[in-house]
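Written below as structure tokens is the structure these notes are about.
All values derive from a computational prediction rather than experimental measurement.
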Amino acid sequence: GLVAAAVGTGLAGLFALAPEFEKHLSGDAKTICMLAAVYGLFGRIDETERLFRVALAAKDEHEIREGLADCLMRQGRPEEAEPYLEHIVREGIPDRVDALYQLAQGYQIKGDHEKALALFDQCETVNPLILKDATFQRLRDTSAKHLGTHTAVKPSEVERKARSAQARRRFAKVAPVVVALAALAYLAVAWIQAAHREVHLANG
């Protein structure tokens, strides 16, 4: 199959053979999805999207819809990806909540915080356990803060700032202890040195 072709001809050969695979196996959604994934691994996103659409035309399945949605989100097109994830909300599939979570972040990046908050709410409805995720809470709070604006938010930057703040808080808690220990250590060393120092009396 595709693996054998890749081993036998190399990537260049595989990409050269890809149109033939597609031509003869256009009705085989699984194989077309595998080919789309290979293109995706090497950054050929336009081909990835096109092949997922071919696969979806051959067989309308949740996995293919989610693959196409992921491809669209990677291109910064969350509004086009959203319809392909409706089944997650409609059927309440908790183990697919990550796709909705990613979509919400896609809207944050676009500065559409109303849509982002709506999707965060859907995430909670589909899988309430997501509320235990501190990052989820931070991102939702960030969109709530920016609601009514079109301020673009980078989720990775929100998380980076949160980690920096946590590190500062930990240091603030530890610093007084470190200072106290250092003072005790100094006093102990001073006492030991004083106890072992020879004292010479000079008779005047």
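Ala104 and Leu119 make their closest contact through CB-CB, 3.7 Å (heavy atoms, listed as atom of the first residue, atom of the second, distance). Nearest approach of Ala99 to Leu85, heavy atoms of both residues: O-CD1, 3.8 Å. The two atoms that bring Pro94 and Asn127 nearest to each other are O-ND2, 3.3 Å, heavy atoms only. Heavy atoms only, all atoms of each residue included: Ala69 and Ala81 are closest at O-CB, 3.5 Å. Heavy-atom minimum distance, Arg140 versus Asp121: NH1-OD1, 3.5 Å. Nearest heavy atoms, Gly92 versus Val126: C-CG1, 4.2 Å.
In this structure, Ile64 and Cys33 have side chains that are in contact, with non-hydrogen atoms separated by less than 4.5 Å. Proximity of Lys115 to Lys110: side-chain heavy atoms (C-beta onward) are nowhere separated by under 4.5 Å. Side chains of Lys145 and Asp141 form no contact here, defined as non-hydrogen atoms less than 4.5 Å apart. Counting only heavy atoms from C-beta outward, the side chains of Gln108 and Gln105 approach each other to under 4.5 Å. By the 4.5 Å heavy-atom criterion applied to side chains, Leu103 and Tyr84 are not counted as neighbours. Between Ile45 and Cys71 there is a side-chain heavy-atom pair separated by less than 4.5 Å.
Among Glu86, Glu63, Glu91, the one residue that satisfies the salt bridge (Lys or Arg N to Asp or Glu O under 4.0 Å) test with Arg96 is Glu63.
The distance from atom CD of Glu124 to atom CG of Leu100, rounded to the nearest 0.5 Å, is 13.0 Å. Residue Arg90 holds its CZ atom at 12.0 Å from CD of Gln122, rounded to the nearest 0.5 Å. For the atom pair CZ of Arg138 and CG of Asp133, the computed distance is 8.0 Å after rounding to the nearest 0.5 Å. Taking CE of Met73 as the reference point, atom CD of Glu79 lies at 11.5 Å (rounded to 0.5 Å). Separation of atoms CG (Leu35) and OG1 (Thr48) is listed at 8.5 Å; rounding is to 0.5 Å. Residue Thr142 holds its OG1 atom at 12.5 Å from CG of Leu147, rounded to the nearest 0.5 Å.
The aromatic rings of Phe136 and Phe120 stand perpendicular to each other, their planes meeting at an angle above 60°, with 30° marking the opposite boundary.
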### Residues Ile88, Val97; criterion side chain to side chain contact (heavy atoms under 4.5 Å, CB included); working and verdict
CA-CA 7 Å; Ile88 299 175; Val97 74; 5.7 Å; no
### Val153 vs Ile109, side chain to side chain contact (heavy atoms under 4.5 Å, CB included): CA-CA, chis, key distance, verdict
CA-CA 5 Å; Val153 169; Ile109 293 170; over 6 Å; no
### Criterion side chain to side chain contact (heavy atoms under 4.5 Å, CB included) on Leu117 and His146, from CA distance to verdict
CA-CA 10 Å; Leu117 285 169; His146 291 292; over 6 Å; no
### Task
Go through the steps to decide whether Tyr107 and Glu82 satisfy the test side chain to side chain donor-acceptor pair (under 3.5 Å), and finish with yes or no.
CA-CA 10 Å; Tyr107 278 116; Glu82 188 171 358; 2.7 Å; yes
### Task
Begin with the C-alpha distance, continue with both residues' side-chain angles, and end with the deciding distance and a verdict on side chain to side chain contact (heavy atoms under 4.5 Å, CB included) for Phe52 and Arg65.
CA-CA 8 Å; Phe52 269 123; Arg65 285 176 165 270; over 6 Å; no
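Under the 4.5 Å side-chain contact rule for hydrophobic residues, Leu68 and Val54 do not share a cluster. Side-chain heavy atoms closer than 4.5 Å link hydrophobic residues (I, L, V, M, F, W, Y) into clusters, and following such links, even through other members, never connects Tyr39 to Leu56.
For Gln137 (side chain) and Leu131 (main-chain N/O), a donor-acceptor pair under 3.5 Å exists by modelled atom type. In this structure, His113 contributes its side chain and Thr151 its backbone to a donor-acceptor pair below 3.5 Å.
The pair Arg77-Glu49 meets the salt-bridge criterion, with a side-chain N (NZ, NE, NH1 or NH2) lying under 4.0 Å from an Asp/Glu carboxylate O. A salt bridge is absent between Asp28 and Lys59: the closest approach of a Lys/Arg side-chain nitrogen to an acidic carboxylate oxygen does not fall below 4.0 angstrom.
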